[in-house]
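Keep in mind that what you see is a predicted model, and the values were worked out from it rather than measured. Letters go in sequence order (proteins before strands), and every chain restarts at 1.
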Amino acid sequence: DQKARFHSMVHEFTDKCFDRCIGTPGNSLSSKESACLGNCVERFLDTTFFIVNRLEAIKQ
Amino acid sequence: DQKARFHSMVHEFTDKCFDRCIGTPGNSLSSKESACLGNCVERFLDTTFFIVNRLEAIKQ
Amino acid sequence: DQKARFHSMVHEFTDKCFDRCIGTPGNSLSSKESACLGNCVERFLDTTFFIVNRLEAIKQ
Amino acid sequence: AQQLLQKMTDKCFNKCITKPGSDLSGSDRACLAKCMDRYLESWNVISKAYATRVQ
Amino acid sequence: AQQLLQKMTDKCFNKCITKPGSDLSGSDRACLAKCMDRYLESWNVISKAYATRVQ
Amino acid sequence: AQQLLQKMTDKCFNKCITKPGSDLSGSDRACLAKCMDRYLESWNVISKAYATRVQ
């Protein structure tokens, strides 16, 4: 179902973005780490749309 | 069955621990490499139990 | 079917060999990058045969 | 929850137990606890960012 | 096509978006476009090399 | 056995064939043979350690 798919995507994004954004784990997320995590998800989605659209354009 | 699950776990641990413990492959495992492999499995299992127990404690 | 298996192998090889052979993506594949990709596939297949044959020899 | 546990264990083992010794030291446990907390926090930040985007 | 899309997206995100910023910059897009083209070219080179070998 | 073959091939290809050339050289083969032997030995060490632990 939809909720399961949403959670599965969140697991995947966390897997991708945690190493990229979090260095040595500290006592809390810094605002920089937090911003990095949000940007990581958004830019990954942007990248997916960019690639899908460009593939469509190439095909035509 | 149980034997298949055991083997599947051993494959997974070997996959995880080989790169971590074995440098350039030599003519035999050094005692240091051998100890590293055993510790790698045991500490991974300890880590799993630590995390499961702490998750339970957090939930309550 | 056979065509699907062929494509699936090509996806896997591209996944393995792209990072190994392609640095910063340029305006075209250099002849060096192109040769590296071909060699990467062929040496991976050689490696597989070498390992399968040696495993058989060890068993006997 | 199984998927969370598995990925968190892999990440935190890699981050905290770089040289597996003869037991989990106090500093290993402290690192694992922080890593878990940051992983769960990251999961929440990412869940919100993704929810905002797909709404 | 799904498999191609997924692997290409992962590879090109890792190669081009090393520090995710507040939007996809022009140079991010240029890198992604080149990365896609080289990925598709690589796929073709590899497909030919494999076909030759299994014939 | 399939799983062993696949993981061993990936590991040993990565360890031994870092720059794929126009054939498998003698030193590539020597490295692959050692890598296989160490991989099988590692499998046994790990199997024993895990068996001891789950008993």
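- Between chain A and the residues K48(D), E41(D), M8(D), the most heavy-atom pairs under 4.5 angstrom are made by E41(D).
- When all heavy atoms are compared, the tightest approach of L4(D) to H11(A) is CB-CE1, 3.4 Å.
- Checking side-chain atoms of Q60(A) against main-chain N and O of A57(A) turns up no donor-acceptor pair under 3.5 Å.
- Side chain of T14(A) to main chain of V10(A): a donor-acceptor pair is present (N/O by atom type, distance under 3.5 Å, no hydrogens or angles).
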List the steps, then state whether side chain to side chain contact (heavy atoms under 4.5 Å, CB included) holds for K7(D) with F18(A).
CA-CA 11 Å; K7(D) 285 177 187 285; F18(A) 188 73; over 6 Å; no
Criterion salt bridge (charged side-chain N to carboxylate O under 4.0 Å, His left out) on D46(A) and R43(A), from CA distance to verdict:
CA-CA 5 Å; D46(A) 289 347; R43(A) 265 6 101 218; 2.5 Å; yes
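- Contact annotation for N39(A): neither backbone nor side-chain heavy atoms come within less than 4.5 Å of a heavy atom of chain D.
- Of all residues in residues 13-34 of chain D, those placing a non-hydrogen atom less than 4.5 angstrom from a non-hydrogen atom of chain A are K15(D), K34(D).
- Listed for the S47(D) side chain is no donor-acceptor partner under 3.5 Å among the backbone atoms of W43(D).
- Using modelled atom types, no side-chain atom of S8(A) and backbone atom of A4(A) make a donor-acceptor pair closer than 3.5 Å.
- Highest contact tally toward chain D, considering only N27(A), L45(A), V41(A), is held by N27(A) [criterion: heavy-atom pairs under 4.5 Å].
- A distance-only check finds a donor-acceptor pair linking the side chain of R53(D) to the backbone of E42(A) [under 3.5 Å].
- In this structure, the portions of F6(A) lying under 4.5 Å from any heavy atom of chain D include both its backbone and its side chain.
- Heavy-atom pairs under 4.5 Å with chain D were tallied for S28(A), C40(A), C17(A), G38(A); the largest tally goes to S28(A).
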